Protein chains: 2
Amino acid sequence: MGIVEDQALSAFVRRLKLRSDLNAEEQQAILALPGQVRGVVRNQEIVRPGDLTTKSHLVANGLLVRFDRLQDGRRANTALHIAGDMCDLYSVVTPIAESGIAALSDAIVVDVPHKALQAIAAKFPAVALAFWRDTAVDAATLRTRTVNLGRMDATARLAHLLCEMGHRMEVAQLGSQYSYHFHVNQEQLADTLGLTAVHTNRVLKALRKAGVADVKGHHVNVLDLDRLTSIGGFDLPQWDSQTKLASRAGRTLRSRI
Amino acid sequence: MGIVEDQALSAFVRRLKLRSDLNAEEQQAILALPGQVRGVVRNQEIVRPGDLTTKSHLVANGLLVRFDRLQDGRRANTALHIAGDMCDLYSVVTPIAESGIAALSDAIVVDVPHKALQAIAAKFPAVALAFWRDTAVDAATLRTRTVNLGRMDATARLAHLLCEMGHRMEVAQLGSQYSYHFHVNQEQLADTLGLTAVHTNRVLKALRKAGVADVKGHHVNVLDLDRLTSIGGFDLPQWDSQTKLASRAGRTLRSRI
DNA sequence: CGCTTCTTTGACGTCCCTCAACTCGGGTGG
DNA sequence: CCACCCGAGTTGAGGGACGTCAAAGAAGCG
């Protein structure tokens with residue numbers, strides 16, 4: 001097993017352990033998962049809508065996006081995935097892809113066969129719970145995005161996204177909330193926020209002029225985190241709610257099984 | 001075990017079997033789940049955001065909604081649940097509620113302890129997969145809603161919702177796509193569509209005038225399903241994609257475990 | 001029959017989209 | 001080293017979809 005797989009799987013275990021209690025043997029089983037490393041270039045589609053998948057994709061490096069295409073060709077991004085995310089873990093149980101997965105930056109991906117994931121889920125109930133939980137957390141993120149799209153204006157949606165990504169980057173040890181690498185252009189940002197590229201540009205400009213945050217050349221600089229948080233209505237305690245309890249309740253839950 | 005629990009659990013098993021392969025013993029284990037039946041009245045909140053939950057809620061009868069509240073008090077609905085849905089199955093793995101659950105109509109709910117759900121998930125790997133899959137399908141529905149909110153106009157969003165609910169009603173044997181009971185008022189519809197009640201009213205009127213669909217007094221009448229489907233961009237094959245394969249691939253997957 | 005709740009309608013404002021042009025930086029080839 | 005080009009970012013003008021505010025019907029219900 002190469003070093004890239006090892007590091008990626010370690011990051012994945014670290015992510016799972018934020019919310020799930022896994023003993024040494026269970027962690028070892030995940031670290032020992034077979035995986036095929038491959039590089040992908042920017043804009044490459046890793047999963048196309050409609051594909052029948054047999055592998056899940058672990059991000060070792062770079063930024064991936066989950067997207068849907070409408071009849072008229074427009075795109076809508078439904079999730080962004082950073083290193084340590086198994087970006088379509090859910091495909092183990094729903095192998096026909098409805099959304100596509102693409103690379104927003106050059107990236108390194110580890111393909112992990114569904115078969116292997118199912119095998120350790122069947123062997124270790126705690127791992128099965130951890131995988132299920134990861135899917136639920138992914139869904140919770142999506143739910144937040146749904147609420148924002150339905151009920152918040154463009155500025156708030158952008159601010160929320162910047163808070164969210166900063167926080168995730170920090171938790172994943174990939175940067176700080178105040179300054180992080182974010183490899184999206186304004187068009188891709190627009191597809192994530194449900195806006196046009198033009199209006200995304202204006203909103204970015206407004207945040208910059210207001211001295212709140214500066215997004216430029218694939219890099220985010222947060223100048224006033226409090227205001228950004230308040231504009232975006234980003235609720236950190238809620239965002240992290242599952243993490244805190246999991247380390248306590250996870251233990252309880254396992255003992256019950 | 002009373003007749004209401006039995007019927008509700010049967011409907012739940014029927015729902016799971018649409019996508020997951022469960023043998024007689026596994027089905028029996030689900031049907032034997034303990035559950036507390038209770039009636040809830042319209043507008044009653046069953047789960048409040050922030051609650052620590054210990055039970056999942058199976059809808060025996062009526063219409064439930066999953067909602068979020070914003071700081072300013074506005075609401076956003078993220079899911080609607082009909083009879084046979086375990087509306088917060090995901091809470092087994094993420095017990096701290098981020099969204100609330102409320103009744104849109106008077107309803108009958110069966111409370112099923114997480115403990116019991118975990119127990120059969122641990123005993124039967126196929127059941128664990130089925131639960132995980134149900135959470136993934138719920139997330140896929142949410143993803144569709146996200147795309148619609150981000151990229152479709154009010155008329156299309158409404159049309160899509162009417163198609164979706166009609167289809168789900170029909171699959172759950174609660175009505176036909178052309179005519180079904182839908183216990184929401186225009187304000188709740190607005191919270192689901194990311195609109196104001198006033199504009200929802202105008203859009204409903206437009207669909208009525210166009211002879212496409214008539215929503216009146218908690219009842220939906222679809223006059224021209226083809227046009228409704230086309231306006232809403234409702235993609236039935238995609239919607240059902242996991243159902244079809246599951247009955248075939250599910251078998252394969254289980255044999256691999 | 002009077003109350004509440006819900007629906008409907010109008011007038012007006014605003015947020016965001018559309019279309020179109022211009023700018024900028026960075027690569028590439030002559 | 002300059003000419004060109006290309007993708008991405010920026011800006012302006014105008015329009016349309018949807019929100020806001022306000023008030024008048026309906027419809028259920030005690």
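Protein chains get the first letters and strands the later ones, always in sequence-line order, with residue 1 at the start of each. Note: hydrogens, waters and symmetry copies are ignored here, and every other heavy atom, side chains too, is used. All values reported here derive from a predicted model rather than from experimental measurement.
- Side-chain atoms of Q44(A) come within 3.5 Å of backbone N or O of V41(A) as a donor-acceptor pair.
- With I82(A) as the fixed residue, the side chain to side chain contact (heavy atoms under 4.5 Å, CB included) test singles out one of L64(A), L63(A), V171(A): L63(A).
- Between R69(B) and E45(B) there is a salt bridge, since a side-chain N of the basic residue sits under 4.0 Å from a carboxylate O of the acidic one.
- Proximity of a side-chain donor or acceptor of T144(B) to a complementary backbone N or O of A140(B) within less than 3.5 Å is detected.
- A salt bridge between R151(A) and D68(B) is absent, with no side-chain N of the basic residue lying under 4.0 Å from a carboxylate O of the acidic one.
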Please walk me through it: do T146(A) and T146(B) pass side-chain hydrogen bond (donor to acceptor under 3.5 Å, both in side chains)?
-> CA-CA 5 Å; T146(A) 306; T146(B) 306; 2.7 Å; yes
The contact string for nucleotides 5-21 of chain D, one letter per nucleotide 5' to 3', using protein heavy atoms under 4.0 Å with B, S and - for base, sugar-phosphate only and none, comes out as ---SSBBBB----BSBB
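- Axis angle across the helix from dC1(C)-dG30(D) to dG30(C)-dC1(D), with five pairs used at each end and values rounded to 10°: 30°.
- The aromatic rings of H181(B) and H218(B) sit perpendicular to each other, their planes meeting at more than 60°, with 30° as the lower class boundary.
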